[in-house]
Asks: 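Have a look at this one.
We count residues from 1, following the sequence as given. Just so you know, ligand 1 is whichever comes first in the structure, and atom 1 is the first atom listed for that ligand.
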Amino acid sequence: MSQPRILIVDDDPLVADSLGVFLKSRGYHVEVQTDAHRAVRELKSGTSVDLLLTDVNMPGMDGFALLREARKIDPSLVVVMLTGYGTIESAVNAMREGAEDYVTKPVIDEEMLMTVERALKRRSLTQENEQLRSQLNRSLKLDNLVGSDHRMRKIYETLATVAATRATVLISGESGTGKSLIARAIHHHSPRKDKPFVEVNCGALPESLLESELFGHRKGAFTGAETDRLGKFLRADGGTIFLDEIATASPAFQVKLLRILQERRFERVGDDESVEVDVRVVLASNIDLKQAVADGVFREDLYHRINVVNIHIPPLRERPGDIPLLADHFLKRYTRENEKVVEGISDDAMAKLSAFQWSGNVRELENAIERGVVLTRGTILEPEDFPADISGVEATVNGPGFEFRSDGRTIVPLKQALEGPEREIIEATLSSVNWNRQRAAKLLDINRTTLFNKMRKYDLLDIKRGGKRRERPA
Ligand SMILES: Nc1ncnc2c1ncn2[C@@H]1O[C@H](COP(=O)(O)OP(=O)(O)OP(=O)(O)O)[C@@H](O)[C@H]1O
Ligand SMILES: [Mg+2]
């Protein structure tokens, strides 16, 4: 960047000049004005200014009025306010009016310098974001997202636009419609793509663990807290946090989340000091949050906070035109993955797939295709390669996953065949380490998320230490 230009406005010429001399000595290009009206005229005349540094209390036009006028002329102008010592209220007002920051008088040189540098850095980041956004709009490359339904196209457009910003995004849609996929796409098309994408399933964590899992804790905060723990929010710093199944979040967690979204800061368990995070928050829900608000289980204020940008994914049955595209996409993926030669789907089978109601949405279609690819002995998928409820063909399926073929062989999909032993191994390992997931994951040489997902799949989450099942409320 060329030398940044700063416009200083203070009715006290002593303050204005000394600030001017100081910032000039630090390499900035500086203009000084002691009258706000003149400053406005200068901005109007087209003098390019990167940062406006203005006093609040000035006779005639005050700092707030100047801020508003200046923003009208150049909406991207960064404004820093100088406030009298102890007038924290006007500082808060300044931020509310859109000032980037404020400095209290008497001004300390180093503080001034830091504030100016920080404000300018933020401005250049915003400009980068804007460039990126227009690039994305030009070449909308969302390769792993399939579907050309007009509502899906709208979603891709929204996605490309919001990805470049830090706006909170709420993704809604039935189970299996692609909410997690969209959340990841937002991250990967954002300027944060090289920073972490951290997923949290809000419904899966017991209340007692949720807080330290998300916000971290200080060593010794509670029994068992042997070391400092960062927590997911800090691990996502600079990147994106994806809060899945947000409707199931407990009331206590909802309060915390509201605060983070408002202030971008929080306290770790056992720590009085609050920490600041720079995270982009993406949330998903497969139940209608508005209804959850009406039912009194979801905070209304939080709902408004998170419903900044809403992406609603329509169920698959409402966009049957996408079914053949998705079916082909999955056919290619699973023939590659299973090293099978299956060249296509017969017209008859495709008609059946298109007519089916897909209550499990894209996930169900994906599973059907995977299963068809794995089980078929032909090179084209026919209706009978799909479950009876889809194909209408008399069931050849005898018990889940077992298929008795006409040649008398019983074929079990490999995945399913391995599920039994997998569950046993996981349960045995967990039990051997007293259900300590971290240790179990280490022993099994898988990461904790994978372990967690498998525990969920095999219904092992509710098992208490000692191997007894916890009573589930009816
Ligand atoms: N438009 C799409 N193009 C390609 N694949 C898709 C599309 N939508 C969904 N999928 C695939 O379908 C499966 C289910 O999608 P995903 O897990 O994102 O759904 P979800 O809405 O998050 O479901 P849940 O509510 O159960 O969490 C995934 O394997 C995903 O890759
Ligand atoms: Mg999901």
Asks: Quick one: look at Leu326 and ligand 1, take heavy-atom pairs under 4.0 Å, and tell me if it's side chain, backbone, both or neither.
Replies: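 Near ligand 1, Leu326 shows its side chain, while the N, CA, C and O stay back.
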Asks: Once you restrict to heavy atoms under 4.0 Å, what part of Lys179 touches ligand 1? Side chain, backbone, both or neither.
Replies: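 For Lys179, backbone and side-chain atoms both sit under 4.0 Å from ligand 1.
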Asks: So among Arg265, Arg192, Arg264, which one has a salt bridge (Lys or Arg N to Asp or Glu O under 4.0 Å) with Asp278?
Replies: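 Result for salt bridge (Lys or Arg N to Asp or Glu O under 4.0 Å) with Asp278: Arg192.
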Asks: Please report the C-alpha distance between Thr450 and Asn447 in whole Å, then the side-chain angles of each, then the deciding distance to 0.1 Å, and finally whether the side chain to side chain donor-acceptor pair (under 3.5 Å) criterion is met.
Replies: CA-CA 5 Å; Thr450 310; Asn447 69 39; 2.8 Å; yes
Asks: Looking at ligand 1, does any of its N/O atoms fall within less than 3.5 Å of an N/O of Arg363?
Replies: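 Looking only at distances, the answer is yes, because the N/O contact criterion of under 3.5 Å is met.
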Asks: Which heavy atom of the protein is the closest neighbour of atom 7 (C) of ligand 1, given with residue, atom name and distance?
Replies: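 Answer for atom 7 (C) of ligand 1: Leu181 CD2, 3.4 Å.
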Asks: Do any of the N, O or S atoms of Ser180 sit under 2.8 Å from the Mg ion (ligand 2)?
Replies: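 It does: Ser180 brings an N, O or S atom closer than 2.8 Å to the Mg ion (ligand 2).
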Asks: Check whether any side-chain heavy atom of Val78 sits under 4.5 Å from a side-chain heavy atom of Leu120, and report yes or no.
Replies: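 Val78 does not reach Leu120 side chain to side chain.
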Asks: Could you check whether the rings of Phe330 and Tyr334 sit parallel, tilted or perpendicular, using 30° and 60° as the cut-offs?
Replies: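 Rings of Phe330 and Tyr334: tilted, 30 to 60°.
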Asks: In ligand 1, which numbered atoms sit nearer than 4.0 Å to a non-hydrogen atom of Val146?
Replies: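 Reading through ligand 1 atom by atom, the close ones are 1 (N), 2 (C), 3 (N), 4 (C).
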Asks: Which heavy atom of the protein is the closest neighbour of atom 10 (N) of ligand 1, given with residue, atom name and distance?
Replies: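 So the nearest neighbour among protein heavy atoms is Val362 CG1, 3.4 Å.
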Asks: Return yes when Gly176 approaches ligand 1 closer than 4.0 angstrom through a heavy atom, no otherwise.
Replies: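 The answer is yes: ligand 1 sits under 4.0 Å from a heavy atom of Gly176.
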Asks: Which residue and non-hydrogen atom of the protein lie closest to atom 19 (O) of ligand 1, and at what distance in Å?
Replies: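 So the nearest neighbour among protein heavy atoms is Gly178 N, 3.1 Å.
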Asks: Answer yes if the side chains of Glu174 and Asn361 hold a donor-acceptor pair under 3.5 Å, and no otherwise.
Replies: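 Their side chains do contain a donor-acceptor pair, which is all the 3.5 Å distance test asks for.
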Asks: Verify whether one side chain among Thr115 and Asp101 offers a donor that lies under 3.5 Å from an acceptor in the other.
Replies: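 No pair is found: no donor N or O on one side chain lies under 3.5 Å from an acceptor on the other.
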Asks: Can a cation-pi geometry be assigned to Lys352 and Phe386, taking NZ or CZ under 6.0 Å from the six-membered ring centre and within 45° of the ring axis?
Replies: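 The answer is no, since Lys352 fails at least one limit relative to Phe386.
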Asks: For ligand 1, note which part of Phe242 has a heavy atom under 4.0 Å away: side chain, backbone, both or neither.
Replies: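 No part of Phe242 comes within reach of ligand 1.
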Asks: Does Asp347, at its CG atom, have more than 12 non-hydrogen atoms belonging to other residues, nucleotides or ligands within less than 6.0 Å?
Replies: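 12 or below, so no.
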Asks: Please report which non-hydrogen protein atom sits nearest to atom 26 (O) of ligand 1, along with the residue it belongs to and the distance in Å to one decimal place.
Replies: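 The answer is Ser175 OG, 2.8 Å.
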Asks: Quick one: look up the protein heavy atom nearest atom 4 (C) of ligand 1 and list residue, atom name and how far away it is.
Replies: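 It is Asn144 O, 3.3 Å.
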Asks: With rounding to the nearest 0.5 Å, note down the distance linking NZ in Lys290 to CG in Asp295.
Replies: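 Spacing of NZ (Lys290) from CG (Asp295) equals 13.5 Å.
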Asks: Backbone or side chain, does any N or O of Tyr156 fall under 3.5 Å from an N or O of ligand 1?
Replies: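 N/O-N/O distance below 3.5 Å does not exist for this pair.
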Asks: In the protein, which heavy atom is nearest to atom 12 (O) of ligand 1, and how far is it?
Replies: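 Going by distance alone, atom 12 (O) of ligand 1 is nearest to Glu366 OE1, 3.3 Å.
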Asks: List ligand 1 atoms under 4.0 Å from Asn286, heavy atoms only on the residue side.
Replies: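 Near Asn286, the atoms of ligand 1 are 25 (O).
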Asks: Can you tell me if Gln438 has over 12 outside heavy atoms packed within less than 6.0 Å of its CD?
Replies: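 Counting other residues, nucleotides and ligands, CD of Gln438 stays at 12 neighbours or fewer.
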